[in-house]
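Each remark here refers to the structure printed beneath this line.
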Amino acid sequence: MASASATTSPDVSAPSRLTARFRALAAEGRKALVCYVTAGHPDPASSVQLLRGLAAAGADVIEIGVPFSDPMADGPVIQHSSQVALDHGITLARTLDIVKEAAVDVPVVLFSYLNPILAGGQDVLRRARECGVDGVLATDLPVGADPEREAWFGASGLDFVRLVAPTTPAPRMAEIARHGGGFVYLISRLGVTGERDSLPDDLPDTVQRLRSATSLPICIGFGISTPEHAKAAAALGDGVVVGSALVRAAGRSIEDAIALTRSLRAALDER
């Protein structure tokens, strides 16, 4: 593992695309729609079409998941999509190819477990940036677990998006946010990813605690599957993350996933 000093430092003279997008949304009084899809699902060619379709349908940020053989934090829908993608031979390198080919005009966050990123080599974050990735989220790298690797992410020129759980104490929330960028991904409930019937009753209190701990935008995910969920959650935070519902829709057809994105966008923009 090379030291962080061996990695080119990010350009701090201008805001990142993620920061610029959230600032523009705030200025317009709008909330962010963050759409998660798995790279290579339902197949590699459709994956490129899907990314472009999500951007055209109103996604503000796209999280592209790197398929992994042991996705512990994911529920059955995303687990299945990951296996489908692996069966198509999708690796981290091919994920970056998909991002490059899609060339969407919205920020892209690479969403991955740590192992595929480390397997990509010391220059993988530079290559990701060159392919059009704006941020990275490593699901299994908590703050303080490995300072050297965290410094490597921090010096990459990519926004290092951090996860915060609802049980996180306020001081820990502040520590996590200090070591992150772009936005904070607030997990709305404990457990794995997946669609739910309702939002947690304690979500407003959780958002308030996080809001007092950071000035970064807060996007709420895990369990948001309908336009009604999205609108309710967005009223509390700065945006929402929708994953399993979109992945399930993409498994039916790309058109279904794009239609769901349009309906989510419309719900967030309702006055």
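Treat the numbers as computed from the prediction; the structure is a model and nothing was measured.
- Nearest heavy-atom pair, V66 versus P116, reported as atom, atom and distance to 0.1 Å: CG1-CB, 4.0 Å.
- For D123 (side chain) and R126 (main-chain N/O), no donor-acceptor pair under 3.5 Å exists by modelled atom type.
- With contacts defined as side-chain heavy-atom distances shorter than 4.5 Å, the pair L125/V133 does not qualify.
- Contact between L163 and I176 at its shortest, heavy atoms only, is O-CG2, 3.8 Å.
- Between the side chain of S263 and the backbone N or O of L260, at least one donor-acceptor pair lies under 3.5 Å.
- Remark: I117 CD1 to R149 CZ distance equals 10.5 Å, nearest 0.5 Å.
- Separation of atoms CG (L236) and OG1 (T206) is listed at 9.5 Å; rounding is to 0.5 Å.
- Contact annotation: the side chain of I90 approaches that of I98 to within less than 4.5 Å [non-hydrogen atoms, C-beta and beyond].
- A single hydrophobic cluster is seen to contain both L158 and L114, as judged by linkage of ILVMFWY side chains at heavy-atom distances under 4.5 Å, directly or through other members.
- Connection of L118 to V136 is established within a shared hydrophobic cluster, with ILVMFWY side chains joined at heavy-atom distances below 4.5 Å, either directly or through further cluster members.
- Contact check for V124 versus W152: side-chain heavy atoms found under the 4.5 Å cut-off.
- Smallest separation of non-hydrogen atoms from R209 and P166: NH2-O, 2.7 Å.
- When atom types are taken as modelled, the side chain of S82 and the backbone of P67 share no donor-acceptor pair closer than 3.5 angstrom.
- Looking at residues two or more places apart in sequence or on another chain, you find a side-chain contact (heavy atoms from CB on, under 4.5 Å) between A102 and V48, L51, R52, V104.
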Table please: side-chain donor-acceptor pairs of residues 21-35 below 3.5 Å, with sequence neighbours left out.
from	atom 1	to	atom 2	distance (Å)
R21	NH1	D60	OD1	3.3
E28	OE1	R30	NH1	3.1
R30	NE	D269	OD1	3.4
R30	NH2	D269	OD2	3.3
K31	NZ	A234	O	2.4
K31	NZ	G237	O	2.9

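- For T261 against A57, the heavy-atom pair with the smallest separation is CG2-CB, 3.8 Å.
- Using modelled atom types, no side-chain atom of R248 and backbone atom of A257 make a donor-acceptor pair closer than 3.5 Å.
- In terms of heavy-atom proximity, L50 sits nearest to A250 at CD2-CB, 4.0 Å.
- Using modelled atom types, no side-chain atom of D159 and backbone atom of V161 make a donor-acceptor pair closer than 3.5 Å.
- In this structure a side-chain-to-backbone donor-acceptor pair under 3.5 Å is present from E150 to G144.
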Subject >> Trace of the side-chain contact (heavy atoms from CB on, under 4.5 Å) decision for V143 with R172 >> reply: CA-CA 9 Å; V143 168; R172 176 70 172 170; 4.0 Å; yes
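- With sequence neighbours excluded, the residues that form a side-chain contact (heavy atoms from CB on, under 4.5 Å) with Q49 are I254, E255.
- Every residue two or more places apart in sequence or in another chain that forms a side-chain contact (heavy atoms from CB on, under 4.5 Å) with A174 is listed here: R178, A213.
- A donor-acceptor pair under 3.5 Å is formed between the side chain of S81 and the backbone N or O of I78.
- Environment of CD in E130: crowded, with over 12 heavy atoms of neighbouring residues, nucleotides or ligands closer than 6.0 Å.
- Between F111 and T139 the shortest side-chain heavy-atom distance falls below 4.5 Å.
- With values rounded to the nearest 0.5 angstrom, S244 atom OG is found 10.0 Å from Q79 atom CD.
- One distance of note links CD of E228 with CG of L264; it measures 9.5 Å at 0.5 Å rounding.
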**OP:** Check the pair L141 / F153 against side-chain contact (heavy atoms from CB on, under 4.5 Å), numbers first and verdict last.
**Re:** CA-CA 11 Å; L141 183 63; F153 279 103; 3.6 Å; yes
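- No side-chain heavy atom of F222 sits under 4.5 Å from any side-chain heavy atom of L186.
- Residues V184 and A177 approach most closely at CG2-CB, 4.4 Å, considering heavy atoms.
- Tested against F183, the residues T19, L18, L137 include a single side-chain contact (heavy atoms from CB on, under 4.5 Å) partner, L18.
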Subject >> Verdict with reasoning, V207 to L203, per side-chain contact (heavy atoms from CB on, under 4.5 Å) >> reply: CA-CA 6 Å; V207 174; L203 184 57; 4.0 Å; yes
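- Residues passing the salt bridge (Lys or Arg N to Asp or Glu O under 4.0 Å) test with R211, sequence neighbours excluded: D238.
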**OP:** Using the side-chain contact (heavy atoms from CB on, under 4.5 Å) rule, take V241 and I224 through it: C-alpha gap first, then chi angles, then the decisive distance, then the call.
**Re:** CA-CA 7 Å; V241 183; I224 297 173; over 6 Å; no
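- Screening residues 95-104 for side-chain hydrogen bond (donor to acceptor under 3.5 Å, both in side chains), with sequence neighbours left out, gives no hits.
- Expressed to the nearest 0.5 Å, how far OH of Y36 lies from OH of Y185 amounts to 9.5 Å.
- With hydrogens and angles ignored, the 3.5 Å screen pairs no side-chain donor or acceptor of T38 with any backbone N or O of H41.
- Formation of a donor-acceptor pair under 3.5 Å by the D134 side chain with backbone atoms of V109 is not found in this model.
- Because its NZ or CZ atom is both nearer than 6.0 Å to the ring centre of F160 and within 45° of the ring axis, R162 counts as a cation-pi partner of that residue.
- A distance of 8.5 Å separates CG in L210 from OG1 in T168, rounded to the nearest 0.5 Å.
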